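Read the structure below first, then the notes.
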2 protein chains.
Amino acid sequence: MTTPPPGLRERKKRATREALREAALRLAVERGPDQVRVEDIAEAAGVSPRTYNNYFASREQAIVSAVTADREERIAAAVAARPAGVRLADAVTEAVVEQYAHEGERERGVLLLITTRTALRDAFLGSTAGIEAPLSAVIAERLEGAGAQTARVLAASVAAAVRIALEGWLRPPGGGEAAADLGVAGLVVPSGSLSDRLRAALAPLAPAFDAAEQRTRQ
Amino acid sequence: MTTPPPGLRERKKRATREALREAALRLAVERGPDQVRVEDIAEAAGVSPRTYNNYFASREQAIVSAVTADREERIAAAVAARPAGVRLADAVTEAVVEQYAHEGERERGVLLLITTRTALRDAFLGSTAGIEAPLSAVIAERLEGAGAQTARVLAASVAAAVRIALEGWLRPPGGGEAAADLGVAGLVVPSGSLSDRLRAALAPLAPAFDAAEQRTRQ
DNA sequence: CAGGAAAAGTGCGTGCACGCAAGTTTGCGG
DNA sequence: CCGCAAACTTGCGTGCACGCACTTTTCCTG
């Protein structure tokens with residue numbers, strides 16, 4: 001599980017992915033999301049368009065991935081970092097809240113950009129699915145006795161809850177579409193704190209975690 | 001909630017969608033999924049390719065939708081049909097099992113075809129997301145006091161659990177080299193029935209339903 | 001330190017999704 | 001019965017995703 005020597009191959013790969021991410025985001029911010037073609041991103045990153053396509057399955061994914069970065073591992077690591085004594089439901093909730101709040105703060109401006117385009121918004125929301133696998137692994141570790149299936153279901157439920165929380169957070173509270181049209185208008189993105197929304201969305205799942213945890217303890 | 005008069009417009013629309021579905025499936029079965037182009041589907045259904053594209057966002061979606069049909073409404077209706085006395089968790093589980101078992105039996109041959117192509121498999125698994133909205137509505141109705149947010153989270157969790165169950169079900173009978181894949185797998189159920197898999201995947205969510213239901217009852 | 005296997009990058013070709021701006025059909029008062 | 005507005009269809013053009021075959025780079029092993 002460790003990285004003995006990173007290896008040149010791996011480092012180059014990460015560098016390329018990083019370059020593509022950064023290029024995609026920078027160009028999208030500079031000239032607007034619709035004015036950036038795959039060709040531009042690839043050129044800015046110094047690779048061929050075909051190679052870009054080996055890293056990202058869609059233009060939206062590339063742009064969004066600059067924000068989401070490696071959120072998946074961070075969340076999983078944050079859960080693993082919690083002491084073994086805490087309720088699993090709490091460990092997961094706090095790990096998620098922590099990471100997303102952090103992200104939501106750092107990238108507030110970019111999130112604004114993302115909400116302006118439906119395709120980007122969807123890609124962003126879809127990125128929550130990525131936390132499923134790592135989270136499932138770390139949950140399975142704590143729920144030794146309860147079978148991998150249960151861990152997967154719980155992890156997927158968490159991912160879904162996070163997605164719903166983000167949906168609610170990104171939806172402009174300013175009365176439907178009235179203000180949403182004017183792109184440059186007020187910074188109306190976050191309604192209520194993201195942390196609160198995440199906690200509220202995750203709360204209904206706590207009993208499921210408790211029950212699973214209970215069963216392994218015996 | 002009723003359909004006062006269907007209306008010509010609406011009827012035509014449904015007929016077109018149905019024709020596209022049927023054409024897509026028939027052609028895919030006849031000549032293999034990769035040998036059918038959008039142009040063929042559209043022609044077989046008597047519309048332009050552009051119109052086809054107004055109904056389905058991808059070729060895979062068109063083919064798969066012939067199998068999934070209007071599963072969403074059927075499941076929601078099945079839940080609503082259960083007497084108000086039963087545990088909500090049971091009502092949902094039974095409704096899901098009922099509808100999927102039915103579907104899995106009727107379309108066994110087609111499901112085999114779907115598993116042969118990754119893109120189709122993904123589209124099929126992705127179609128579980130469609131049950132989220134109707135299910136959310138019907139759950140919210142039973143959980144009058146618990147807020148719409150809870151209903152959405154629960155519905156999304158169910159959708160995710162169903163997806164996981166289907167993943168597990170489609171993998172083993174997919175043929176080929178499934179067995180030698182992972183040596184770590186301890187309790188790999190060879191290939192249980194779909195109903196069993198669905199029940200197993202939904203079971204971990206039952207406590208969450210119970211808790212939500214409990215809170216509304218007071 | 002070869003030298004070959006594996007992996008990453010690349011060019012090309014094909015079919016596709018979808019915005020846009022017509023044209024066509026349906027529905028609804030007047 | 002008319003005519004207009006909204007909904008649906010269509011042709012066209014653009015960029016894109018991705019399979020395939022091939023070159024280049026990295027890695028490993030004798």
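Predicted model, so just to flag it, every value in this text is computed and none were measured. Below, all heavy atoms of this structure are taken into account, side chains as well, without hydrogens, waters or symmetry copies. Convention: sequence-line order gives letters A, B, ...; per-chain numbering from 1.
Using modelled atom types, one finds a donor on one side chain and an acceptor on the other under 3.5 Å when comparing Arg71(A) with Ser127(A). Using a 3.5 Å distance cut-off with no hydrogens or angles, the side chains of Ser193(A) and Asp196(A) do pair a donor with an acceptor. No side-chain N or O of Ser65(A) forms a donor-acceptor pair with one of Thr68(A) less than 3.5 Å apart.
Partner Phe124(B) forms a side chain to side chain contact (heavy atoms under 4.5 Å, CB included) with one of Thr115(B), Leu170(B), Val110(B) and no other, that one being Leu170(B).
Minimum atom distance to the side chain of Arg50(A) is reached by dC18(D), of the listed dC16(C), dA8(C), dC18(D). For Arg37(A), counting side-chain heavy atoms from C-beta on, the closest listed nucleotide (dA17(C), dG15(D), dT10(C)) is dG15(D). For Val38(B), the listed nucleotide lying nearest its side chain is dC16(C); candidates were dT9(D), dC16(C), dT10(C).
The nearest whole Å value for the distance from the CD atom in Gln35(B) to the C1' atom in dG15(C) is 12 Å. When rounded to the nearest whole Å, the span between CZ of Arg14(B) and C1' of dA7(D) equals 16 Å. Atom-to-atom, CG of Asn53(B) to P of dG13(D) comes out at 17 Å; the value is rounded to the nearest Å. For Ile41(A) and dG15(D), the CD1 to C1' distance is 12 Å, given to the nearest whole Å. The nearest whole Å value for the distance from the CD atom in Glu39(A) to the P atom in dT10(C) is 14 Å. For Phe56(B) and dC16(C), the CZ to C1' distance is 16 Å, given to the nearest whole Å. The nearest whole Å value for the distance from the OH atom in Tyr55(A) to the C1' atom in dA7(C) is 10 Å. In this structure, Asp34(A) atom CG and dT14(D) atom P are separated by 17 Å, rounded to whole Å.
Checking the phosphate oxygens (OP1, OP2) of dT10(C), a side-chain nitrogen or oxygen of Thr51(A) falls inside 4.0 Å. Listed pair Tyr52(A) / dT10(C) fails the phosphate criterion, with no side-chain N or O lying under 4.0 Å from OP1 or OP2. Residue Asn54(A) has no polar side-chain atom (N or O) positioned under 4.0 Å from OP1 or OP2 of dG9(C).
A donor-acceptor contact shorter than 3.5 Å links the side chain of Tyr52(B) to the backbone of Arg59(B). Judged by distance alone, with hydrogens and angles left aside, the side-chain atoms of Asp40(A) form a donor-acceptor pair with the main-chain N or O of Arg37(A) at under 3.5 Å.
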Heavy-atom protein contacts under 4.0 Å, nucleotides 23-30 of chain C, coded B base, S sugar-phosphate only, - none: --SBS---
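Contact between Val92(A) and Val79(A) at its shortest, heavy atoms only, is CA-CG2, 4.1 Å.
Comparing Glu60(B) and Lys13(A) along DNA chain C, the residue whose closest nucleotide (by nearest heavy atom) sits nearer the 5' end is Lys13(A).
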